[in-house]
Amino acid sequence: STAGKVIKCQAAVAWEAGKPLSIEEVEVDPPKAGEVRVKITATGVCHTDSYTLSGKDPEGVFPVILGHEGGGIVESVGEGVTTVKPGDHVVPLYVPQCKTCKFCLNPKTNLCQKVRVTQGQGVMPDGTRRFRCKGKELYHFMGCSTFSEYTVVLEISLCKVNEAAALDKVCLLGCGVPTGYGAALNTAGVEAGSNCAIFGLGAVGLAVALGCKAAGAKRIIGVDINPDKYEVAKKFGVNEFVNPKDHDKPIQQVLVDLTDGGLDYTFECIGNVNTMRAALEACHKGWGVSVIIGVAAAGEEISTRPFQLVTGRVWKGTAFGGYKSRESVPKLVDEYLNKKLPLDEFVTHNVPLKEINEAFHLMHAGKSIRAVVHF
Ligand code: APR
Ligand code: ZN
């Protein structure tokens, strides 16, 4: 057994901002108290990984092992760990759920703050790290670091999932899919018969569409500047498509005209402050709700005329779809197994670890919905 020993394995290391990842042999320490060492078998690649790699993330620290959309198998557990054991299939969670902090105890939020500060600094709660490469310590990322064959995460950042589910699919339940799906179902609370518009038809926007469809929405309008997205979006429930580039009028005006005064629900899944404004202003007077899901770059600000809110539109935001992570992700895995939540359709590309940079290229080129990296 490898328990208690340092493990040498392959990982994609981000040595510095703006450079491609480099495949290296890294050393992974055994888990300390409250920690779990996980053998990652598959991981998605997400915009947040790319954003931090670009160097624009003010919290970004290097060298680091990125990745936060993984699936794996528990290799060994540290002292006091009771909720998972070696051999369990698990999904690491960048929003933990400690079940004891003020946030966890409040049903209105999923934003557990137990380890917020150290997670942001790229270290474990005791201030130390578990990765080394070429004599240097590497930082952790979002409490997950799934771009390594073995990683160490906190027990509170891990959920056990049904073994019948393929890890190279349920890894997507670590970020993109719950983020969109939950935004529709939890944050917006879309009702049957509603009219919805989704700005941005990437993985997040398509997951919103699934949520709107599950809630029984009537019109699900996809808004994207890439016309290639419509064909694929139909499979996820989008039943109308608007390309802002086909219109001279502002997109909010186009949508208001199309829907007799505006949408019941709109979702921003791009991360652009201009489309955030457009999404709010495309909402119906009196009751329209707009949810911000896309993450804008640090320092960006949103604006609109306050009249938009005075007259009954509501502006909201959500992280991880409002799901309390550890209790919800196993249920989403069951929905996947019961064929209620399609995940396979999100995976457009599969690549081995050594081609992880290609997965980033596919994402930037708008060619993939999700590229999954296999170890
Ligand atoms: N108007 C309409 N659509 C746009 C615009 C725009 N101004 N700009 C970009 N898009 C479309 C792109 O063509 C693409 O289809 O938005 C979509 C974004 O999808 P992805 O790049 O695949 O991103 P995704 O993984 O879905 O994540 C969406 O959420 O994680 C956050 O901020 C992060 O940007 C990311 C967003
Ligand atoms: Zn908590």
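No hydrogens, no waters, no symmetry mates; every other heavy atom, side chains included, goes into these values. Every number for a ligand or one of its atoms is a count from 1 in the order of the listing. We're numbering straight along the sequence, starting at 1.
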[X] with [Y]: basic N within carboxylate O range, under 4.0 Å:
X: Asp228; Y: Lys367; value: no
X: Asp257; Y: Lys249; value: yes
X: Glu35; Y: Arg130; value: yes
X: Lys85; Y: Asp88; value: yes
X: Arg37; Y: Glu75; value: yes
X: Glu16; Y: Lys19; value: yes

*Excluding sequence neighbours, so at least two apart, what forms side chain to side chain donor-acceptor pair (under 3.5 Å) with Gln119?*
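Checked Gln119 against side chain to side chain donor-acceptor pair (under 3.5 Å); zero matches.
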*Sum up the protein N, O or S atoms located under 2.8 Å from the Zn ion (ligand 2).*
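Near the Zn ion (ligand 2), the number of protein N, O or S atoms below 2.8 Å is 4.
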_Running the 4.5 Å side-chain criterion over Ile, Leu, Val, Met, Phe, Trp and Tyr, what cluster does Phe103 land in, apart from itself?_
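Taking Ile, Leu, Val, Met, Phe, Trp and Tyr as members, Phe103 shares its hydrophobic cluster with Leu111.
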*Residue shell around ligand 1, heavy atom under 4.0 angstrom*: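 Ligand 1 is contacted, at a heavy-atom distance under 4.0 Å, by His47, Gly200, Leu201, Gly202, Ala203, Val204, Val223, Asp224, Ile225, Asn226, Lys229, Cys269, Ile270, Thr275, Gly294, Val295, Arg370.
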*Ring-face cation of Lys234 near Tyr230 (centre distance under 6.0 Å, axis angle within 45°)*: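 Because its charged atom sits under 6.0 Å from the ring centre and within 45° of the axis, Lys234 does stack over Tyr230.
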